[in-house]
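See structure below.
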Amino acid sequence: MAFENIIDKNFPEWNKKEVNGKTFDEIFQIEGTPLWWFYSRFVAAHTLPSQFNLQRRIEKQSINLFFRAHYNILSFAFKNYFYYNEKIKQKLTKKLSCPGDKVLFLTYTNHYNKNTGKTYRIQKLIELISRGKKIKPLVMYTDPLSRVVSSGIKNFDHTLYGHVDEEAINAAKKEAKNLTKEWKKIDKTLLFGERWELIQPVMDFFFSYEFMYNTLLYYLTSKKIIQEQKVKAVVLTSRNGFFEKCMIVAAQKLNIPTVIIQHGLGLGLFSPETPDGVKHLVFGEIFRERLLRLGVSEKDIIIVGPLLFDEIVPFIRKKNKKEGKAAIITAPFIEENRLSKEAHFRQVEKVIDSLQGHCSELVIKLHPREKTKRDYEELLAKKGIKNTAVVESMESGQLYSILADASLGINFFSTVALEAMILDRPVLTIDPLVGTSHLMKEEPFTGGVAVAIDGDIAKAVKEALQDREEWKQKRKEMVTAFCYKIDGKASER
């Protein structure tokens, strides 16, 4: 599965094994938190750089001298790129402080819309807290970890990088040197056996001086921000990101409450691996039950409804859909290393071909992380289809306008399916990674027609467009089950 930790899947409990009288986790930790806790979600197929080709190497069970050299050079290049890329960001940014107690929101630079001044996912909550007199929002930005540094980072008043100082740099350097010595010293075959050489380049990257140094640096910087900026609570929209993990542990060490806002349907498919006391604000009862099964304490789960959908309410009132108009809402399969570019566009082309004779107008709405708008436009031009548009926007209102106007919403196992059901639009879910449909058991996709990419998509399109009464009823059931309330007030709750 694309979301599984490849190392832990193939080498269960490796980090619990003893080396020189201590477990690996006891040796490699930051103030009691294992380094592997920080890194464990980065070795899934959709997060690990595809160039490492990790799962395939493990399956082949061998690696020749040429490829060993190739992957070692790759590991060397990645760690140095990461190290210097982050260093430049720290040089470019500034440190600003504001008086008073604050709620810290950690988000990304590409979630900020400079035209509207709004921040994706959390804007309404920021505005609500801004109205208060005793506490104010502090929105702290970072670049996505893989993003190449640009001069645009200088335009942000508050970034994590701007708070990096010499004290944190020197402390991180000292501890990273110690950890690097330990990494070089231990016999890895005691942990991984004879297959160590298959995963060595990946593990050498994560446990390199460069990567461990930056982990230490941003953890120490997060602690400093919380203390110096009088942060009384931390709000996150992810639990798996590099910077989010640094902030989670920093807040925990300083006894500062942390809240994680659910932003997608995948919550609860895997253990959140969050410390006790971290609060999870979830869409509805189904997600509460999932987290309880995974061992999250009941007191740490709060049902508030989907904050992500607060802006959808005005569009629910739009009853008239445009007959013959289909909306394809894409997903970042290329960017997440789940499909090659060629494979992805072959699938999109098949979906477009299947709409012929059923739809007279088509809108393709890109995921915010996608970078291939021109490729979509070239594909549409090649097919000679008229009445088409390719839309690139992070604005929720733009997405809801497209869905509300459509007679069919097509998604690829995306949260968009639930949003289309809230708007009472027929939904077609396409499984692009054949074999993942078993995940639908506790997902809202059963509120619409579903088909694998190698199935009869044209037949599925026809079925969805008929929009029989049973599908209308199923949509209502899914919205009720997955969303506590759709009233635009989840942010207030």
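Side-chain atoms of Lys17 never come within 3.5 Å of backbone atoms of Glu13 as a donor-acceptor pair (strictly under, hydrogens ignored). Using modelled atom types, one side-chain atom of Gln347 and one backbone atom of Pro432 make a donor-acceptor pair closer than 3.5 Å. In terms of modelled atom types and a separation under 3.5 Å, the side chain of Lys224 and the main chain of His163 share no donor-acceptor contact. Looking only at distances, a side-chain donor or acceptor of His263 sits under 3.5 Å from a matching main-chain atom of Thr237. No donor-acceptor pair closer than 3.5 Å links the side chain of Thr119 to the backbone N or O of Ile122. The main-chain N or O of Gly264 is found under 3.5 Å from a side-chain atom of Gln262 such that the two form a donor-acceptor pair. Thr47 places a side-chain N or O within 3.5 Å of a backbone atom of Phe42 that can act as its donor or acceptor partner. Not a single donor-acceptor pair under 3.5 Å links the side chain of Lys154 to the backbone N or O of Leu92. Side chain of Arg195 to main chain of Ile58: no donor-acceptor pair is present (N/O by atom type, distance under 3.5 Å, no hydrogens or angles).
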Quiz prompt | Residue pair Thr109, Thr159: steps toward the side-chain contact (heavy atoms from CB on, under 4.5 Å) verdict | solution = CA-CA 9 Å; Thr109 51; Thr159 69; 5.6 Å; no
Exercise. Step by step, work out the side-chain contact (heavy atoms from CB on, under 4.5 Å) result for His367 and Phe412.
Key: CA-CA 11 Å; His367 187 279; Phe412 300 84; over 6 Å; no
Exercise. Could you go through the salt bridge (charged side-chain N to carboxylate O under 4.0 Å, His left out) check for Glu182 and Lys185 one step at a time?
Key: CA-CA 5 Å; Glu182 291 291 338; Lys185 187 168 62 177; 3.4 Å; yes
Practice problem: Please assess Val19 against Asp187 for the test side-chain contact (heavy atoms from CB on, under 4.5 Å), listing each intermediate value before the final yes or no. | Solution: CA-CA 8 Å; Val19 181; Asp187 181 358; over 6 Å; no
Quiz item: Please walk me through it: do Lys89 and Glu86 pass salt bridge (charged side-chain N to carboxylate O under 4.0 Å, His left out)?
Solution: CA-CA 5 Å; Lys89 293 173 188 176; Glu86 294 303 303; 3.1 Å; yes
Quiz item: Do Val351 and Val348 pass the side-chain contact (heavy atoms from CB on, under 4.5 Å) test, and can you show the C-alpha distance, the side-chain angles, and the key distance before you say yes or no?
Solution: CA-CA 5 Å; Val351 174; Val348 174; 5.6 Å; no
Exercise. Take Glu31 and Lys223 through the salt bridge (charged side-chain N to carboxylate O under 4.0 Å, His left out) test and state the conclusion after the steps.
Key: CA-CA 12 Å; Glu31 295 187 357; Lys223 284 179 71 176; 3.2 Å; yes
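Across every non-hydrogen atom of Ala168 and Asp165, the tightest pair is N-OD1, 2.9 Å. Contact between Gln90 and Tyr218 at its shortest, heavy atoms only, is NE2-OH, 2.9 Å. Here the shortest heavy-atom pairing between Phe38 and Thr33 reads CE1-CG2, 3.7 Å. For Leu160 against Thr221, the heavy-atom pair with the smallest separation is O-CG2, 3.6 Å. The two residues Arg338 and Glu336 have their closest heavy-atom pair at NH2-OE1, 2.6 Å. The minimum heavy-atom distance linking Leu54 with Leu198 is given by the pair CD1-O, 4.1 Å.
Lys95 NZ: more than 12 foreign heavy atoms inside a 6.0 Å radius. At most 12 heavy atoms of other shown residues, nucleotides or ligands fall within 6.0 angstrom of atom NZ in Lys177. Atom CZ of Phe76 sits in a sparse spot, with 12 or fewer heavy atoms from other residues, nucleotides or ligands closer than 6.0 Å.
In this structure, Phe482 has its ring center no closer than 6.0 Å to that of Phe283. Taking the ring centroids of Tyr39 and Phe28, they lie at or beyond the 6.0 Å cut-off.
Between Tyr213 and Tyr83, the ring-plane angle classifies as tilted under the 30° and 60° cut-offs. Between Tyr108 and His111, the ring planes are perpendicular. Angles over 60° get that label, and only those under 30° would be called parallel. Below 30°, between 30° and 60°, or above 60°: for Tyr141 and Tyr112 the angle between ring planes is above 60°, a perpendicular geometry. Note: Trp196 and Phe192 have parallel aromatic rings, judged against thresholds of 30 and 60 degrees for the angle between ring planes.
Judged by distance alone, the side chains of His280 and Thr274 do bring a donor and an acceptor atom under 3.5 Å apart. Side-chain N/O atoms of Trp37 and Asp25 include no donor and acceptor closer than 3.5 Å. Using modelled atom types, one finds no donor on one side chain facing an acceptor on the other under 3.5 Å when comparing Ser75 with Asp204.
Atom CD in Glu342 sits 10.5 Å away from atom CG in Leu339 (nearest 0.5 Å). The CD1 atom of Ile225 sits 11.0 Å away from atom CG of Leu220, with the distance rounded to the nearest 0.5 Å. With rounding to the nearest 0.5 angstrom, the CG atom of Leu307 is 6.0 Å from the CG atom of Leu125. If you take CE on Met140 and CG on Asp157, they are separated by 10.5 Å, rounding to the nearest 0.5 Å. Atom CD1 of residue Ile129 and atom CZ of residue Phe105 lie 3.5 Å apart, to the nearest 0.5 angstrom. The CD1 atom of Ile364 lies 11.0 Å from the CD1 atom of Ile402; values are rounded to the nearest 0.5 Å.
With respect to the salt-bridge test (charged N to carboxylate O, under 4.0 angstrom), the residues Arg41 and Glu273 do not qualify. Between Glu311 and Lys118, no side-chain nitrogen of the basic residue sits less than 4.0 Å from a carboxylate oxygen of the acidic one, so the salt-bridge criterion is not met.
Between Thr93 and Phe156 there is no side-chain heavy-atom pair separated by less than 4.5 Å. The shortest distance between side-chain heavy atoms of Lys253 and Ser222 does not fall below 4.5 Å. For the pair Asn110 and Pro368, the minimum side-chain heavy-atom distance is 4.5 Å or more. Counting only heavy atoms from C-beta outward, the side chains of Lys188 and Trp183 approach each other to under 4.5 Å. A heavy-atom distance below 4.5 Å is found between the side chains of Phe445 and Asn411. At least one side-chain heavy atom of Ile329 sits less than 4.5 Å from a side-chain heavy atom of Leu403. A heavy-atom distance below 4.5 Å is not found between the side chains of Asp143 and Asn85. Side-chain contact between Pro34 and Asn15 is absent, with no heavy-atom pair separated by less than 4.5 Å.
Each of Gln229, Lys230, Met247 was evaluated against Leu104; a single residue qualifies, Met247, per the side-chain contact (heavy atoms from CB on, under 4.5 Å) test.
Applying the side-chain hydrogen bond (donor to acceptor under 3.5 Å, both in side chains) test to every pair with at least one member in residues 388-401, sequence neighbours left out, gives these pairs: Asn113-Glu395, Tyr400-Glu419.
Shown here are the side-chain contact (heavy atoms from CB on, under 4.5 Å) partners of Lys371, two or more places apart in sequence or in another chain: Glu335. A search for side-chain contact (heavy atoms from CB on, under 4.5 Å) contacts involving Glu166 returns Ile169, Asn170, not counting sequence neighbours.
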